[in-house]
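Inspection log for the structure reproduced underneath, given as structure tokens.
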Amino acid sequence: MAYFWRIRHSHQKDTSGGEISPVQYVGRTPNSGSELVLSEDEKSDNEDKEETELGVMEDQRSIILHLISQLKLGMDLTKVVLPTFILEKRSLLEMYADFMAHPDLLLAITAGATPEERVICFVEYYLTAFHEGRKGALAKKPYNPIIGETFHCSWEVPKDRVKPKRTAPRSPAGCHEHPMADDPSNSYKLRFVAEQVSHHPPISCFYCECKEKRLCVNTHVWTKSKFMGMSVGVSMIGEGVLRLLEHGEEYVFTLPSAYARSILTIPWVELGGKVSINCAKTGYSATVIFHTKPFYGGKVHRVTAEVKHNPTNTIVCKAHGEWNGTLEFTYSNGETKVIDTTTLPVYPKKIRPLEKQGPMESRNLWREVTRYLRLGDIDAATEQKRHLEEKQRVEERKRENLRTPWKPKYFIQEGDGWVYFNPLWKAH
């Protein structure tokens, strides 16, 4: 049966007097039950997600060697069952949320006075978005989301921290602070929802919005992994669109590939490939290149970028540095700006406690796998993971037998892409 979804606007209240978020309160039609997600239940996330910086242990190395012996170069790893000890204790859907760890930079884009300032602001934000998505230097793999899995969170950003372009971050050097808003009325609210909408191929969607700034991002990503000898490459197929409704601008962007290197010793992650950012309305575009380390010598984690006004063929900004270190921007008027990603203030996610999460929300769904991984009980974690994946396979076979396609909760397929069911550009 197809589900029809409706939204309740933010001025409506629940029975306890809490405000209902337009992004996070979704109800099905009355005869199909309902789901209530209250942003007022969210609390600052204080989970420590740093991964233990250990290399591959001897018994684990033998397991990986056995696995490698069965693989061929270029082989698609989508359906290969990987050992549980390489898992990262968070879902891929939550990892996408961690790309939003600097929401002040994202919200500042719309404050740009000109199209040129706004596209440069977006490139500055884009280049600083990836380092917080990697927790520690050790390469570990997030959980593959189960079809129907969702992840909800939000951020509160003090209004005085949302600065226009070329205003240097105010955090002192070496201070990786966690800014908090004392009064919610003095902050912007950025809300995020992600959902796994397909199993084959594995497609994840995420959407975030700030109503006050009239800004939203809609993204769909299909991950495809392949074996490369002593490395594993993950292509991020798909695209995102940043919409600035106040300016009527849409910025279409792609994502880099990721590589897990040295998988037999101390695995580490690097990003690679050319990505693009384009705004058809203004004629501005950007090319960002994530450089993989040369076989001999060379630096790791290098990135370069160039922002161009296509109608006049003018380069308005260049950038270079490390995506997880220092980035230097040079503008067309000769000004320069340096951003140190390691000292940028990180805004903790606000997320509801496990007891208030639904059964298909990421942390609740994977809670037993996470618990056993924290205890170091790999066998029990493997069994819990196997149980979840087998349940997914059984339900998939049922749908195939009944010829009933999967119906996502929050996203609708449009052509080759997926769009949030009640996006800001349609609601306003």
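Values below: all heavy atoms of this structure, side chains included; hydrogens, waters and symmetry mates excluded. Just so it is clear, the model here is predicted, and its values are computed rather than measured.
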If you look at every heavy atom in [X] and [Y], which pair is closest and at what distance?
X: I146; Y: M360; answer: CG2-CE, 4.2 Å
X: N310; Y: S285; answer: ND2-OG, 3.0 Å
X: F206; Y: A194; answer: CB-CB, 3.8 Å
X: V307; Y: V123; answer: CG2-CG2, 3.8 Å
X: Q392; Y: H199; answer: NE2-CE1, 3.3 Å
X: T254; Y: G238; answer: CG2-O, 3.9 Å

Quick one: [atom1] on [X] to [atom2] on [Y], what's the gap to the nearest 0.5 Å?
X: E239; Y: L255; atom1: CD; atom2: CG; answer: 10.0 Å
X: K308; Y: T314; atom1: NZ; atom2: OG1; answer: 9.0 Å
X: E414; Y: N218; atom1: CD; atom2: CG; answer: 8.5 Å
X: K213; Y: L244; atom1: NZ; atom2: CG; answer: 10.0 Å
X: E306; Y: T330; atom1: CD; atom2: OG1; answer: 11.5 Å
X: K385; Y: I378; atom1: NZ; atom2: CD1; answer: 11.5 Å

Does [X] use its side chain to pair, donor to acceptor, with the backbone of [Y] at less than 3.5 Å?
X: T128; Y: E124; answer: yes
X: S91; Y: L93; answer: yes
X: R352; Y: K356; answer: yes
X: N324; Y: H131; answer: no
X: E335; Y: Y331; answer: no
X: R243; Y: C216; answer: no
X: H309; Y: I315; answer: no
X: S187; Y: K159; answer: no

- Message: Atom CZ of residue position R302 - does it have more than 12 heavy atoms of other residues, nucleotides or ligands inside 6.0 Å?
- Response: no
- Task: Take atom NZ of K318 as the centre, draw a 6.0 Å sphere, and report whether it contains more than 12 heavy atoms from other residues, nucleotides or ligands.
- Result: no
- Item | Worked check of side chain to side chain contact (heavy atoms under 4.5 Å, CB included) between L127 and F329 | CA-CA 11 Å; L127 291 178; F329 298 83; 3.8 Å; yes
- Step by step, would you call K293 with E270 a salt bridge (Lys or Arg N to Asp or Glu O under 4.0 Å)? CA-CA 8 Å; K293 184 182 181 299; E270 69 172 341; over 6 Å; no
- Using the benzene-type ring in the case of Trp, are the ring centres of W155 and Y347 under 6.0 Å apart? no
- Message: I want to know whether H291 and H320 have ring centres closer than 6.0 Å.
- Response: no
- Note on the structure: Partner of Y207 under ring-ring contact (aromatic ring centres under 6.0 Å, His included), picked from F151, F411, Y420, is Y420
- Item | Residue pair T370, R363: steps toward the side chain to side chain contact (heavy atoms under 4.5 Å, CB included) verdict | CA-CA 8 Å; T370 300; R363 288 197 184 175; over 6 Å; no
Note, [X] side chain near [Y] side chain (heavy atom, < 4.5 Å):
X: V419; Y: W425; result: yes
X: N364; Y: L354; result: yes
X: V303; Y: E322; result: no
X: L375; Y: R371; result: yes
X: L107; Y: R161; result: no
X: P345; Y: D104; result: yes
X: L105; Y: L344; result: yes
X: P142; Y: E94; result: no

- Show your working on side chain to side chain donor-acceptor pair (under 3.5 Å) between E195 and W418 and close with a plain yes or no. CA-CA 11 Å; E195 180 177 9; W418 291 79; over 6 Å; no
- Task: Inspect the contact between R191 and E209 and indicate whether a charged nitrogen and a carboxylate oxygen are less than 4.0 angstrom apart.
- Result: no
- Look at the aromatic rings of F290 and Y126 and report parallel, tilted or perpendicular, splitting at 30° and 60°. tilted
- Query: Do the rings of Y410 and F421 sit parallel, tilted or perpendicular, given the 30° and 60° boundaries?
  - Reply: tilted
- Message: Is there a side chain to side chain contact (heavy atoms under 4.5 Å, CB included) between V119 and E249? Walk through the geometry before answering.
- Response: CA-CA 10 Å; V119 69; E249 295 170 357; over 6 Å; no
Donor-acceptor pairs are to be reported for all side-chain atoms of residues 273-283 against protein atoms at under 3.5 Å, with residues two or more places apart or in another chain.
unit_1: K281; atom_1: NZ; unit_2: H247; atom_2: O; d: 2.7
unit_1: T282; atom_1: OG1; unit_2: Y284; atom_2: N; d: 3.4

- Candidate list M95, H220, Q196, test side chain to side chain contact (heavy atoms under 4.5 Å, CB included), partner S204, passing option: Q196
- Task: Under the side chain to side chain contact (heavy atoms under 4.5 Å, CB included) rule, what do Q384 and L388 come out as? Steps first, then yes or no, please.
- Result: CA-CA 6 Å; Q384 292 294 328; L388 288 176; over 6 Å; no
- Query: After noting the C-alpha distance and the side-chain angles of F122 and F253, does the key distance pass the ring pair (Phe, Tyr, Trp, His ring centres under 6.0 Å) rule?
  - Reply: CA-CA 10 Å; F122 183 35; F253 61 92; 5.6 Å; yes
- Query: Just checking, is any N or O donor in the side chain of S362 or Y143 under 3.5 Å from an acceptor N or O on the other one?
  - Reply: no
- Just checking, is any N or O donor in the side chain of W366 or E149 under 3.5 Å from an acceptor N or O on the other one? yes
